[in-house]
Amino acid sequence: MNFSEKLKELRKSKNMNQEQLAEKLYVSRQAITKWENGTGLPDIANLVAISNIFNESLDSLLSEEKSLMTKHQFLYESRTEYDLDEEKTIDIHFGIAHELIVEKTSSEKIEVLLASNKITSLGEKLKVKIDENKKRMDVDVKRTSELSDSTVKDELFIFLKIPQKFVALLELNGITENLKIRDIDFDNLEFAGKFLNGFVSNSKGHIELDTNSDLTVDISDFKGKIDFNQIKATSIITVKNGNAYLRRIGKSNSFVNENNQIIELSKSKKDEDLDSEEFKKYDFIVELAGYKSELKVIK
């Protein structure tokens, strides 16, 4: 289903007419008509707004179009590249951003692309500092005092293009509204900080989410394991496709289904052999750890 068909279907599913959607997006009704007729696509800001209104990922909205996000069509950009020649742990502190996108590159360079439609002179207002030793690389995105938290939270997009053959462990630290992990295989990826919406698509590896904020995470075409390490959090995982095995460890944690009914599971053993034949029939494993947390599973 292309974007025009998807938009029309989502609008009608909410019993919303074109005028009502236009008001929510602060655009004309004619713009909605053009998008639904397939004679045009929204800009990045409107795509993000549509994604939020209908709780649909941008990857899902643009599944049959070449994503504007992938093409990086922004008004302002700043790019930093650094050669890698051996496997390393990469630790990235990005501060605050509206969206953080992690994807692979076929080159042997790590690439940090800062992009925005409203923040001018990105290369002057945001600096990427890289420190490297034999086994580790530290990447820090720092901003000047003239950029407020609110500005970068609303307007800054960060693309991390990773040469996956050189990454032993990828550590992400910061605050973002949207975290996207797509089209990449990795050994381990750890996120520490806060995010609201997570999207994992066409990827493989072990993901650890160390955050106590309430999350929504969409999973599509994923192989591996995803850990929710949370304390007193209520989160949601939507499994778009694939067969998931649920593991509950820690104290007073629970899984519920989309009707908020408890999914009865015995407490898993920490030393359980996840490489055994028993688990090979599953596409990925969802583990809930921590304390007094709940994870709703929507299929």
Side-chain angles (χ1 to χ4, degrees), residues 51 56-72 84 87-92 94 97 99-113 139 157-174 176-193 195-211 215-229 235-247 274-275 279-288 295 297-299:
S51 171
E56 284 281 329
S57 71
L58 286 172
D59 288 337
S60 174
L61 287 172
L62 297 169
S63 58
E64 293 190 13
E65 282 82 10
K66 189 173 182 180
S67 173
L68 297 182
M69 300 292 281
T70 301
K71 292 166 68 177
H72 307 319
L84 284 173
E87 189 176 85
K88 294 181 184 295
T89 293
I90 300 178
D91 186 3
I92 297 174
F94 63 89
E99 187 158 292
L100 176 68
I101 302 99
V102 181
E103 55 193 6
K104 72 179 177 183
T105 176
S106 58
S107 76
E108 297 184 356
K109 300 174 183 286
I110 182 173
E111 180 182 322
V112 182
L113 174 67
V139 180
F157 293 77
I158 302 177
F159 294 83
L160 301 175
K161 297 184 77 69
I162 305 295
Q164 60 188 29
K165 69 176 182 177
F166 291 134
V167 179
L169 170 64
L170 182 60
E171 300 174 345
L172 306 174
N173 301 269
T176 185
E177 183 169 329
N178 300 310
L179 170 66
K180 292 187 173 182
I181 301 165
R182 63 191 189 194
D183 305 321
I184 185 169
D185 295 353
F186 48 85
D187 291 333
N188 291 279
L189 184 153
E190 296 179 4
F191 180 94
F195 70 88
L196 293 178
N197 307 302
F199 307 90
V200 181
S201 60
N202 192 32
S203 296
K204 181 179 180 180
H206 182 192
I207 299 171
E208 294 187 57
L209 304 177
D210 300 324
T211 173
L215 313 173
T216 64
V217 178
D218 284 9
I219 301 288
S220 176
D221 298 314
F222 174 64
K223 301 283 187 181
K225 184 169 179 280
I226 181 167
D227 301 346
F228 289 75
N229 302 322
S235 297
I236 299 171
I237 183 169
T238 299
V239 180
K240 299 287 188 180
N241 54 42
N243 187 18
Y245 177 79
L246 307 181
R247 294 186 81 230
L274 300 181
D275 293 322
F279 296 100
K280 288 183 179 179
K281 61 185 177 182
Y282 296 98
D283 294 300
F284 61 96
I285 296 167
V286 180
E287 181 176 287
L288 177 60
L295 183 59
V297 181
I298 299 175
K299 297 181 179 180

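Side chains are part of it too, since the values below use all heavy atoms of this structure and drop only hydrogens, waters and symmetry mates. Residue numbers run from 1 in the order of the sequence given.
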Exercise: identify the closest heavy-atom pair between Leu215 and Ser235: N-OG, 3.0 Å
Ser220 side chain vs Ser201 backbone, donor-acceptor pair below 3.5 Å: no
4.5 Å side-chain heavy-atom contact, Arg247 and Leu288: no
Close side-chain approach of Asp227 and Leu209, heavy atoms under 4.5 Å: no
Point-to-point distance, once rounded to the nearest 0.5 Å, from NZ of Lys104 to CD1 of Ile181: 15.0 Å
N/O donor-acceptor pair under 3.5 Å between Thr216 side chain and Ile236 backbone: no
Spacing of Glu287 atom CD and His206 atom NE2 [to the nearest 0.5 Å]: 6.5 Å
Over all atoms of both residues, closest heavy-atom pair of Ala97 and Ile158: CB-CD1, 3.8 Å
Close side-chain approach of Asn202 to Phe222, heavy-atom, < 4.5 Å: no
Backbone N/O of Asn243 and side chain of Asp283: donor-acceptor pair under 3.5 Å: yes
Intermediate values then yes/no, side chain to side chain contact (heavy atoms under 4.5 Å, CB included), Leu172 and Glu190: CA-CA 6 Å; Leu172 306 174; Glu190 296 179 4; over 6 Å; no
Check against side chain to side chain contact (heavy atoms under 4.5 Å, CB included), Thr238 and Ile219: CA-CA 6 Å; Thr238 299; Ile219 301 288; over 6 Å; no
Test item: Val112 and Phe159 side chains (from C-beta on) under 4.5 Å apart, heavy atoms: no
Rounded distance (nearest 0.5 Å) linking atom CD of Glu171 with atom CG of Asp210: 10.0 Å
Minimal non-hydrogen separation, Leu84 against Pro163, with atom names: CD1-CG, 3.6 Å
Gap separating the NZ atom of Lys180 from the CD atom of Glu99, nearest 0.5 angstrom: 4.0 Å
Rounded distance [0.5 Å steps], CD in Glu103 versus NZ in Lys161: 4.0 Å
From CZ (Phe191) to CG (Asn173), nearest 0.5 Å: 8.0 Å
Side-chain heavy-atom pair Phe195, Asn178 within 4.5 angstrom cut-off: no
Option passing side chain to side chain contact (heavy atoms under 4.5 Å, CB included) with Leu160 (candidates Val139, Val102, Leu113, Thr105): Val102
Exercise: identify the closest heavy-atom pair between Asn241 and Asp221: OD1-N, 2.8 Å
Over all atoms of both residues, closest heavy-atom pair of Leu189 and Leu169: N-CD1, 4.4 Å
Non-hydrogen side-chain atoms of Ile298 and Ile237 separated by less than 4.5 Å: no
Verdict with reasoning, Ile285 to Tyr245, per side chain to side chain contact (heavy atoms under 4.5 Å, CB included): CA-CA 5 Å; Ile285 296 167; Tyr245 177 79; 4.2 Å; yes
Side-chain touch Ile207/Val200, heavy atoms, less than 4.5 angstrom: yes
